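Take a look at the structure below.
All ligand and atom numbering here is 1-based and tracks the order in the structure. A quick note: this is a predicted structure, and the numbers were derived from the prediction, not measured.
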Amino acid sequence: MNLEKIDINPSNIPRHIALIMDGNGRWAKQRGEHRLFGHTKGVDAVREVLKAAKSFGVEYLTLYAFSTENWNRPQQEVDGLMSLLVDSITNELPELQKQGVKLQVIGDFKGLPETCQVSLSEGMESTKHNTEINLVLALNYSAKWEITQCVREISLKVAKNEMIIDDITPELISLHLTTKDIPDPELLIRTSGEHRISNFLLWQLAYAEFYFTETHWPDFGKEELRAAIISYQSRERRFGMVSE
Ligand code: IPE
Ligand code: IPE
Ligand code: MG
């Protein structure tokens with residue numbers, strides 16, 4: 001299908017797009033640069049994609065920025081990523097305000113370095129009344145961590161007789177995940193050619209459409225996002241039913 005000839009249908013925009021931003025390291029390596037250079041360029045792509053998502057009418061953009069497993073990277077890279085996070089929040093805050101972006105974080109917040117917690121809290125607090133688009137950063141996030149937390153929380157309520165086992169429904173489980181205020185994503189995008197989910201939003205992606213591209217994250221922009229949405233719009237979401 002030639003996607004260039006088709007335009008976006010404004011009446012069928014995914015409300016929520018989840019994105020696995022992959023390939024910063026490979027992008028940098030191809031240019032003979034250090035991996036952190038790739039991550040820095042990745043922030044430019046975030047800025048552009050956020051603006052594009054807003055212009056298409058997307059309501060929630062969830063970005064996988066740092067997984068629980070990413071702590072196992074070389075210390076220098078981990079430190080670099082954490083300071084890039086703090087710098088980016090500080091530098092981008094005026095633009096986030098101007099664009100009406102509400103910042104949210106999912107993941108094990110308390111496990112992030114203190115400096116990150118402080119700047120993220122400031123960012124969330126100062127953007128909490130914005131309504132143009134929700135930017136959800138998945139930081140120190142993994143779906144298995146999230147589901148484990150959820151099981152513990154519900155079990156505790158049952159143990160304290162605050163609920164009974166029959167109260168446990170899919171809806172109740174959703175309300176005990178870090179995404180409790182956020183609708184499930186209709187579309188998942190992963191850049192850089194890997195076809196895996198890497199412990200991201202396992203529960204919430206149950207019926208999402210998946211879109212994979214070879215493009216490394218720093219090269220991903222508005223036109224790629226448009227192509228992903230057009231591809232999404234060409235699909236028939238059957239939810240277990242039949243076409244007719
Ligand atoms: C994604 O790019 C960014 C993070 C995981 C933080 P990578 O750093 O995974 O880049 P590759 O996959 O090594 O190319
Ligand atoms: C997934 O990318 C995590 C983020 C984008 C933050 P990784 O590059 O860490 O995933 P794997 O290791 O290739 O599965
Ligand atoms: Mg990677």
Side-chain angles (χ1 to χ4, degrees), residues 16-50 53 60-89 91-92 103-113 115-117 119-120 123 134-148 177-179 182 185 187-205 208 210-221 224-225 228:
H16 183 178
I17 297 179
L19 235 155
I20 303 179
M21 310 182 287
D22 200 13
N24 294 349
R26 277 163 281 176
W27 184 91
K29 198 174 170 196
Q30 282 173 358
R31 287 158 181 78
E33 298 278 356
H34 200 270
R35 293 179 60 83
L36 269 172
F37 181 68
H39 296 315
T40 307
K41 287 291 174 188
V43 177
D44 297 340
V46 169
R47 194 182 305 114
E48 189 181 334
V49 168
L50 176 63
Y60 295 84
L61 184 69
T62 297
L63 303 178
Y64 204 5
F66 193 87
S67 75
T68 309
E69 288 77 19
N70 288 147
W71 295 113
N72 299 319
R73 293 188 176 201
Q75 193 59 45
Q76 197 191 6
E77 181 173 352
V78 171
D79 293 344
L81 279 166
M82 291 302 147
S83 35
L84 183 62
L85 174 64
V86 174
D87 292 350
S88 303
I89 298 291
N91 296 338
E92 301 297 325
L103 178 69
Q104 285 173 261
V105 176
I106 56 170
D108 188 358
F109 194 77
K110 296 240 151 53
L112 288 167
T115 50
C116 295
Q117 292 188 36
S119 70
L120 288 166
N134 296 279
L135 173 64
V136 184
L137 295 182
L139 286 164
N140 196 15
Y141 176 88
S142 83
K144 287 192 176 183
W145 165 82
E146 178 179 48
I147 292 168
T148 306
L177 298 172
T178 58
T179 49
I182 304 171
L187 173 62
L188 170 81
I189 300 171
R190 182 167 188 151
T191 60
S192 212
E194 309 302 342
H195 294 186
R196 59 176 169 261
I197 198 165
S198 299
N199 217 347
F200 192 41
L201 300 176
L202 293 178
W203 175 273
Q204 298 86 340
L205 292 173
F210 284 27
Y211 179 88
F212 298 104
T213 170
E214 295 294 320
T215 305
H216 297 313
W217 175 249
D219 288 333
F220 192 93
E224 281 262 7
L225 184 67

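- Between G23 and ligand 1 there is a heavy-atom distance shorter than 4.0 Å.
- When heavy-atom distances to ligand 1 are checked against a 4.0 Å cut-off, S67 has no atom that comes that close, whether in backbone or side chain.
- Near A65, meaning under 4.0 Å from one of its heavy atoms, ligand 1 places the atoms 6 (C).
- Under a 3.5 Å cut-off, the side chain of R190 and the backbone N or O of R196 do form a donor-acceptor pair.
- Ring-plane geometry between F210 and F212 is classed as perpendicular, the angle between the planes exceeding 60 degrees on a 0 to 90 degree scale with a lower cut at 30.
- The nearest non-hydrogen atom to atom 10 (O) of ligand 2, considering only R73, R190, R196, E69, comes from R190.
- No heavy atom of K29 sits closer than 4.0 Å to any atom of ligand 1.
- When non-hydrogen atoms are compared, ligand 2 lies under 4.0 Å from neither the backbone nor the side chain of E194.
- Ion pairing between a basic and an acidic side chain is recognised when a charged N comes within 4.0 Å of a carboxylate O; K144 and E69 show no such pairing.
- The closest protein non-hydrogen atom to atom 1 (C) of ligand 1 is M21 O, 2.9 Å.
- Shortest contact from atom 14 (O) of ligand 2 to any protein heavy atom: S198 OG, 2.6 Å.
- In F200, neither the side chain nor the backbone holds a heavy atom less than 4.0 Å from any atom of ligand 2.
- Residue contact check: N70 has heavy atoms under 4.0 Å from atoms 5 (C) of ligand 1.
- Among all protein heavy atoms, the one lying closest to atom 13 (O) of ligand 1 is R35 NH2, 2.9 Å.
- The side chain of H39, and not its backbone, has at least one atom closer than 4.0 Å to an atom of ligand 1 (non-hydrogen atoms only; side chain from C-beta on).
- In terms of N/O distances under 3.5 Å, ligand 1 is approached by G25.
- The shortest N/O to N/O separation between W27 and ligand 1 does not fall below 3.5 Å.
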